[in-house]
Amino acid sequence: MIGIFDSGFGGLTVMKEYLRKYPEFDYVYLGDQANAPYGPHSKERVEALTLKNIDFLVKKDCELIIVACNTASAEALRAAQQKYKGKPTILGVLVPAVEEALKQTRFGNIGVIGTSGVIKSKAYERELAKYGVLYVPSDKRSRKEIKACPLLVPLIEEGLVDHPATRMILKNYLRPLKHANIDTLILGCTHYPLLQKEIARIMGKNCQLISSAKAAADAIESYFEAHPDLLKKLSKKGKRQYLTTDCPERFAEIGGKFLGERIKVEKVEI
Ligand code: DGL
């Protein structure tokens, strides 16, 4: 079974991409709605919460766990991987997003937007630096711009995707990235695919958008090719279970919009 973990229902954008590619697998989705949002929390808290949620999915016998949350991927993935040492396999969304951005960029001008937690962790910067994409904030030749957009998650969750206030805030957040002539922008948050059209409109046709949700689901194909034993172990009865640590009604209502289908959600104690 594949476990997909997120701070709340946002990770359903990742689940949606997985279901599009691999509808045959059995999935259990766990959203830690009781402690969401993770974006403003300290690294220590995100790490502790992520480990607790992953422990729960390990007990559910998941052979593969995807940390769909960018904030948890940035601040806690390594701790989780070190704890479980490959059993089960635990993967995040940052590396696939960076790899896809590097494939797509024309001039190496890569931007990232995400929650405060993602940006302050500098995880995207570290990952891009491994590929020689430098970040020199005071240098005009900077080839990478990183921007925290903390207001976007609450606006999306309030259903204000098409609201003028969201457009105004988005324009304000994206202005420095547009001025820096970003040619590729990583949407480093589970929620941002819902704003993809508006972000594309503001950034213009010379900037390509990389959804970390789509990149993560696309990357799993080559991961399975390299790890056929894991692929063999995963059960394929098309079962789907949606679990939340709190507010199952809100989860079902908003999460259903993220996923694009109605879902039955169960509350669990972890
Ligand atoms: N899931 C989070 C992320 O992708 C966004 C919501 C939150 O802050 O918990 O970073």
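Every heavy atom of this structure was used, including side-chain atoms; hydrogens, water molecules and symmetry mates were not. Sequential numbering from 1 along the given sequence is applied to the chain's residues. None of these values were measured; they are calculated from a predicted model. Just follow the structure's listing: the first ligand is 1, and inside any ligand the first atom is 1.
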Problem set entry | Flag for D32-T245: side-chain donor and acceptor within less than 3.5 Å | yes

Exercise. Of the backbone atoms (N, CA, C, O) and the side-chain heavy atoms from C-beta on, which set of S7 has a member under 4.0 Å from an atom of ligand 1: side chain, backbone, both, or neither?
Worked result: side chain

Exercise. Going by the atom numbers of ligand 1, which of them fall below 4.0 Å from some non-hydrogen atom of Y38?
Worked result: 7 (C), 8 (O), 9 (O)

Exercise. Do T115 and T71 meet the criterion of a side-chain donor-acceptor pair at a distance under 3.5 Å?
Worked result: yes

Exercise. What about H191: any of its N or O atoms under 3.5 Å from an N or O on ligand 1?
Worked result: no

Problem set entry | Output field: ring centroids F251/F258 closer than 6.0 Å | no

Problem set entry | Any side-chain donor near an acceptor of the partner, Y38 and D6, under 3.5 Å | no

Exercise. Hey, is C189 one of the residues with a heavy atom under 4.0 angstrom from ligand 1?
Worked result: yes

Problem set entry | Pair N35-R45, side-chain donor/acceptor within less than 3.5 Å | yes

For this session: Give the residue and atom name of whichever protein heavy atom lies nearest to atom 10 (O) of ligand 1, and the separation in Å to one decimal.
Result: T71 OG1, 2.6 Å

For this session: Could you tell me whether the side chain of H191 and the main chain of G11 form a donor-acceptor pair under 3.5 Å?
Result: no

Exercise. Of V153, D6, T190, which has the heavy atom at the shortest distance from atom 4 (O) of ligand 1?
Worked result: T190

Exercise. Is there at least one pair of N or O atoms, one from G39 and one from ligand 1, spaced under 3.5 Å apart?
Worked result: yes

